[in-house]
Amino acid sequence: MQPSTIKFSRWGGVLATLLLAVSTLAVAGPNGIKVGVSSTPQIESLQIAVKEAKAQGLNVELVEFSDWNTPNAALANGDIDVNYFQHIPFLENAKKQGGYDFVPIAPGTIMKIGLYSHKWKSFAQIPLGGKVAIAGDPVNGGRGLLLLEKAGLIKLKPGLAYKATIQDIVANPRKLQIVQLEASQLARSLDDVDLAQGYPSFLKLAGDNPDNALLFDGLENRIYALQWVVRKQDVNNAQIRRFIAIYQQSKQVRASLDKVFGKLYAPAWL
């Protein structure tokens, strides 16, 4: 079957052309499921799980999305059966904004994020009024602000954690210009800004080395682990849970993740 392009209605009423392509590895049917994922190098490990599921008689179709809004809209509409791209804080924010009745049923990988620069080798070199890019969505933007605070570049109101916003900056001695972009575009902004929040998956897609961060956050906070998310009626869906088990237990999946991400990730299900 050839890759095809599908259109979904984007949250907010804008019609978006889905993906660069839709990866169809098997046709979902009575004995099959559709899994919504974002465009990242994690696709390789998911493709391996799909092949192993096929060998065990379970058909799985991966539906790849190029943004972080459409996978939840598609799940709510019943166009897919489960999605795998978001962590708990992102999910909780999406449920609040979209009124979704979703449930996370199993953890996936947890990824480090970092602060990256194409122009400077240390934070001390960043000039007065330098431009810094962070994620534009409320949750991942807060995670970026925490990294800037960890780097000593800003101070935030205490106690907010990932819920911090730009308005919660109480000290910015370098008068940094903080701009917010869609998280998937941050890696491509590095030639235009002095510093940017970065994600290993998107940096790899952009041809950058994700190991070269000036500063990383850790893998210890498992609230940022990706989750397998379903509609409430599918919490006990046997096919979905079977596929997740195949993914989590596969040695080939782990080998693929190790090859692609090295020490930048950890399996949160262990």
Side-chain angles (χ1 to χ4, degrees), residues 11-12 67-69 72 85-99 104 110-203 206 208 210-227 264-266 268:
W11 193 250
D67 69 274
W68 286 1
N69 294 312
N72 279 331
F85 78 101
Q86 62 194 320
H87 49 56
I88 292 292
F90 188 95
L91 172 62
E92 291 304 315
N93 186 66
K95 288 168 64 176
K96 181 179 179 181
Q97 291 189 342
I110 179 169
M111 306 296 298
K112 286 184 179 180
I113 67 166
L115 293 174
Y116 295 84
S117 179
H118 279 178
K119 300 178 180 179
W120 314 109
K121 297 186 181 300
S122 72
F123 296 124
Q125 294 177 305
I126 296 173
L128 189 72
K131 188 176 289 187
V132 178
I134 65 171
D137 65 275
V139 171
N140 288 295
R143 194 178 178 189
L145 290 171
L146 289 173
L147 261 179
L148 293 177
E149 184 174 52
K150 184 177 179 180
L153 295 172
I154 63 171
K155 279 192 175 183
L156 298 167
K157 291 179 183 176
L160 294 174
Y162 67 83
K163 295 181 180 180
T165 69
I166 289 177
Q167 287 69 40
D168 297 311
I169 297 173
V170 295
N172 182 4
R174 303 246 189 125
K175 303 186 186 305
L176 299 174
Q177 303 176 60
I178 299 177
V179 297
Q180 295 181 289
L181 303 173
E182 186 170 336
S184 60
Q185 299 304 312
L186 288 168
R188 302 187 185 279
S189 75
L190 280 165
D191 288 332
D192 303 315
V193 300
D194 293 286
L195 187 70
Q197 175 183 355
Y199 295 77
S201 293
F202 296 126
L203 286 156
D208 261 304
D211 294 313
N212 290 338
L214 299 181
L215 177 70
F216 282 113
D217 69 357
L219 296 172
E220 67 280 351
N221 193 345
R222 300 212 166 195
I223 195 172
Y224 293 122
L226 298 185
Q227 300 288 321
L264 295 175
Y265 93 102

- Item | Point-to-point distance, once rounded to the nearest 0.5 Å, from CD of Gln86 to CD of Glu92 | 9.5 Å
- Query: Under a 4.5 Å cut-off applied to non-hydrogen side-chain atoms, are Ile154 and Leu156 in contact?
  - Reply: yes
- Centroid separation Phe85 to Phe90 less than 6.0 Å: yes
- Query: Are any side-chain N or O atoms of Asp208 and backbone N or O atoms of Pro210, one a donor and one an acceptor, separated by less than 3.5 Å?
  - Reply: no
- Rounded to the nearest 0.5 Å, what's the gap from OH on Tyr116 to CG on Leu214? Could you check? 9.5 Å
- Checking Glu182, His87, Gln180, Gln197 against Asn140 for side-chain hydrogen bond (donor to acceptor under 3.5 Å, both in side chains), the one that qualifies is His87
- Query: Are the side chain of Gln125 and the backbone N or O of Lys121 linked by a donor-acceptor pair below 3.5 Å?
  - Reply: yes
- Message: Heavy-atom count check: over 12 atoms from other residues, nucleotides or ligands less than 6.0 Å from Lys163 NZ?
- Response: no
- Note on the structure: Value for CG (Leu160) from CG (Leu145), rounded to nearest 0.5 Å, stands at 10.0 Å
- Query: Do Leu186 and Tyr199 have side-chain heavy atoms sitting under 4.5 Å apart?
  - Reply: yes
- State, with a plain yes or no, whether a side-chain heavy atom of Ile88 is found less than 4.5 Å away from one of Pro104. yes
- Message: So which atom in Tyr162 and which in Leu146 form the shortest heavy-atom distance, rounded to 0.1 Å?
- Response: N-CD1, 3.7 Å
- Query: For the side chain of Ser117 and the backbone of Leu195, is there at least one donor-acceptor N/O pair under 3.5 Å apart?
  - Reply: no
- Check whether any side-chain heavy atom of Leu215 lies under 4.5 Å from a side-chain heavy atom of Leu147, and answer yes or no. yes
- Task: Quick one: closest heavy-atom pair of Asp192 and Arg188, and the distance?
- Result: OD2-O, 4.3 Å
- Side chains of Tyr265 and Pro200: closer than 4.5 Å at any heavy-atom pair? no
- In short, Ala183 meets Phe202 closest at the heavy-atom pair O-CD1, 3.9 Å
- Message: Return the CD1 to CD1 distance between Ile113 and Ile134, rounded to the nearest 0.5 Å.
- Response: 10.0 Å
- Should Trp120 and Pro127 count as side-chain neighbours, where that means a heavy-atom distance under 4.5 Å? yes
- Query: Considering the options Arg143, Lys150, Lys112, which one meets the side-chain hydrogen bond (donor to acceptor under 3.5 Å, both in side chains) requirement together with Asp217?
  - Reply: Arg143
- Does Lys95 NZ have over 12 foreign heavy atoms under 6.0 Å away? yes
- Query: Can you name the closest pair of heavy atoms from Asn72 and Ala94 and give their distance?
  - Reply: ND2-CB, 3.5 Å
- Would you sort out whether Lys157 and Asp168 count as a salt bridge (charged side-chain N to carboxylate O under 4.0 Å, His left out), showing the intermediate values? CA-CA 6 Å; Lys157 291 179 183 176; Asp168 297 311; 3.7 Å; yes
- What's the shortest heavy-atom distance between Ala266 and Leu219, and which atoms? CB-CD1, 3.9 Å
- Can you measure from CG (Leu176) to CD1 (Ile126) and round to the nearest 0.5 angstrom? 7.0 Å
- Item | Point-to-point distance, once rounded to the nearest 0.5 Å, from CG of Asp194 to CZ of Phe123 | 12.5 Å
- Message: So Leu148 and Val132, do their side chains get closer than 4.5 Å, heavy atoms only?
- Response: yes
- For Gly114 and Ala213 the tightest heavy-atom approach is CA-CB, 4.1 Å
